[in-house]
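Fair warning: this is a prediction, and the values are worked out from it, not measured in the lab. Here, residue 1 is the first one in the sequence, and each next residue gets the next number.
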Amino acid sequence: MTTVLHLDCSANHSAESVSRRLTREYADRWLAAHSSADYHYRDLAADPITPIDTAYCQLGRRSESLGTLPTEAIEELAETPAEKEAWRLTKPLIDEVRSAELLLIGTPLYNYSLPGALKTWIDRVSFPGAFTGGVLEDTQVVVITASGGAYGAGSPREGWDHQTPYLRAYFTNHGVRDLKFIQAELTLTGLVDSLAYLKPLADASLAQAWDEVTLAST
C-alpha cells in the first residue's frame, strides 16, 4: 500500500492561502488516482511540532559518538526522563517520513525563507542516523510554494528566495532523487496597490502552478 505524508505550513488557514489550496488539489487528485493509498496529514501551523531542546541534543550527540545508531536502538540509549520524552516526540515523526512513498509539502515563503513551523519539523526529524542507508532514495518529494513577490531569474530580488535552495539541499543531502518544486509567485498583487501592474504575471504564475499540480498528481 502506498503511503502519503501531506504537510501544510501556512499560518493562514483561510481560503486565501495559495499553498494550502494547491496542496489540497494535489492530494485530492493523487488520492483519486491511488484509492488504496494510506494518507497521513499534518498541519504544522495549527498543530506545531515541539522545538528540539537540550535533551534532544544530548541524546543525538550520544548516538553520534557511538557511530550513529539505527533508530530502533535510540530508546535504550536515553538516560533521563527528558531524553526519553525527546525521543517519544521524535520517533513517530521520523517513522512517518521513512514510510512515506510520497511526501507532499505546502509552504509559503516567509521573510525570504521557510516558515518556522516547517523548520521546527525538519530539526525534529533530522535526528542523527534517521535517514541514513538510502531510506529516502525512493521517496517522491513534492514541495508546493507560494510567495507574495517574485524572486526568479531577472527579477529585482533574484536570489532572495532562500527557501527553495535550502529544501533542495536538505532533501538531496538525505538521498532524495525524485524532488519537484511547484511555485506560485506574486500572490500579493491583488492586495498591494504598488504591485497591481504585476497582476497579469501573478495570474500566469498561479495558472502554471495549477497546471503543474494537475500534471504531477495523476
Side-chain angles (χ1 to χ4, degrees), residues 4-12 17-23 26-27 41-53 56-57 60-61 64 68 89-90 93-94 96-98 100-188 205-206 208-209 212-213 216:
V4 181
L5 176 58
H6 175 184
L7 307 177
D8 271 327
C9 310
S10 175
N12 187 351
S17 173
V18 173
S19 65
R20 286 180 180 272
R21 296 199 330 254
L22 288 170
T23 57
Y26 192 106
Y41 177 74
R42 281 190 179 273
D43 188 331
L44 298 179
D47 187 16
I49 302 301
T50 303
I52 61 174
D53 57 6
Y56 178 102
C57 294
R61 288 168 64 86
E64 286 190 295
T68 308
L89 294 171
T90 303
L93 301 176
I94 293 173
E96 282 183 344
V97 180
R98 288 170 62 106
E101 294 175 63
L102 168 63
L103 173 57
L104 172 64
I105 300 174
T107 176
L109 183 72
Y110 284 164
N111 301 307
Y112 317 115
S113 189
L114 59 163
L118 179 55
K119 183 58 167 63
T120 300
W121 176 84
I122 288 174
D123 289 343
R124 175 67 65 177
V125 300
S126 302
F127 191 88
F131 305 128
T132 57
V135 297
L136 299 185
E137 286 183 353
D138 296 324
T139 303
Q140 179 186 12
V141 179
V142 177
V143 181
I144 299 179
T145 69
S147 60
Y151 306 95
S155 68
R157 292 182 174 179
E158 178 180 350
W160 287 32
D161 173 3
H162 299 289
Q163 173 172 241
T164 301
Y166 171 85
L167 292 175
R168 180 177 289 111
Y170 176 80
F171 284 113
T172 55
N173 180 61
H174 285 299
V176 173
R177 297 179 293 188
D178 187 354
L179 175 61
K180 181 175 181 60
F181 287 88
I182 298 175
Q183 298 174 306
E185 294 190 316
L186 296 166
T187 61
L188 291 178
S205 177
L206 184 57
Q208 181 177 339
E212 290 183 29
V213 164

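Contact detail for T139 and V135: the closest heavy-atom pair is OG1-O, 4.0 Å. Considering every non-hydrogen atom in both Y110 and S10, the closest pair reads OH-OG, 3.7 Å. Considering all non-hydrogen atoms of both residues, L167 and L179 come closest at O-CD2, 4.5 Å. Nearest heavy-atom pair, Y56 versus D123, reported as atom, atom and distance to 0.1 Å: OH-O, 2.8 Å. The two residues F181 and T164 make their nearest non-hydrogen contact at CZ-O, 3.7 Å. Across every non-hydrogen atom of V125 and I94, the tightest pair is O-CG1, 3.5 Å.
Within the model, atoms OG1 of T132 and NE2 of H174 stand 9.5 Å from one another, a figure rounded to the nearest 0.5 Å. Atom OG1 of T23 is separated from atom CG of D8 by 3.5 Å, given to the nearest 0.5 angstrom. Rounded to the nearest 0.5 Å, atoms NZ (K119) and OG (S113) are 9.0 Å apart. Here CD1 of I182 is found 4.5 Å from CD1 of I144. Values are rounded to the nearest 0.5 Å. Atom CD1 of residue I52 and atom SG of residue C57 lie 4.5 Å apart, to the nearest 0.5 angstrom. Distance check: L93 CG to L5 CG gives 9.0 Å after rounding to the nearest 0.5 Å.
Proximity of L44 to C9: side-chain heavy atoms (C-beta onward) are separated by under 4.5 Å at one or more points. Side chains of Q163 and P115 form a contact here, defined as non-hydrogen atoms less than 4.5 Å apart. The closest side-chain heavy-atom distance from R177 to D138 is below 4.5 Å. Side-chain contact between W121 and V97: present, with at least one pair of heavy atoms (C-beta onward) separated by less than 4.5 Å. No side-chain heavy atom of L206 sits less than 4.5 Å from a side-chain heavy atom of T187. Taking the side chain as every heavy atom from C-beta outward, R42 and I49 approach each other to under 4.5 Å. Between R20 and D43, the closest side-chain pair of non-hydrogen atoms falls below 4.5 Å. Side chains of L109 and T145 form no contact here, defined as non-hydrogen atoms less than 4.5 Å apart.
Between the Y26 side chain and the A216 main chain, a donor and an acceptor come within less than 3.5 Å of each other. Remark: side-chain polar atoms of R98 are paired, donor with acceptor, to backbone N or O of A130 under 3.5 angstrom.
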(request) Could you go through the ring pair (Phe, Tyr, Trp, His ring centres under 6.0 Å) check for Y41 and H6 one step at a time? (result) CA-CA 5 Å; Y41 177 74; H6 175 184; 4.7 Å; yes
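Ring geometry for Y170 against Y166 counts as parallel: the plane angle stays under 30°, on a 0 to 90° scale with 60° as the upper cut.
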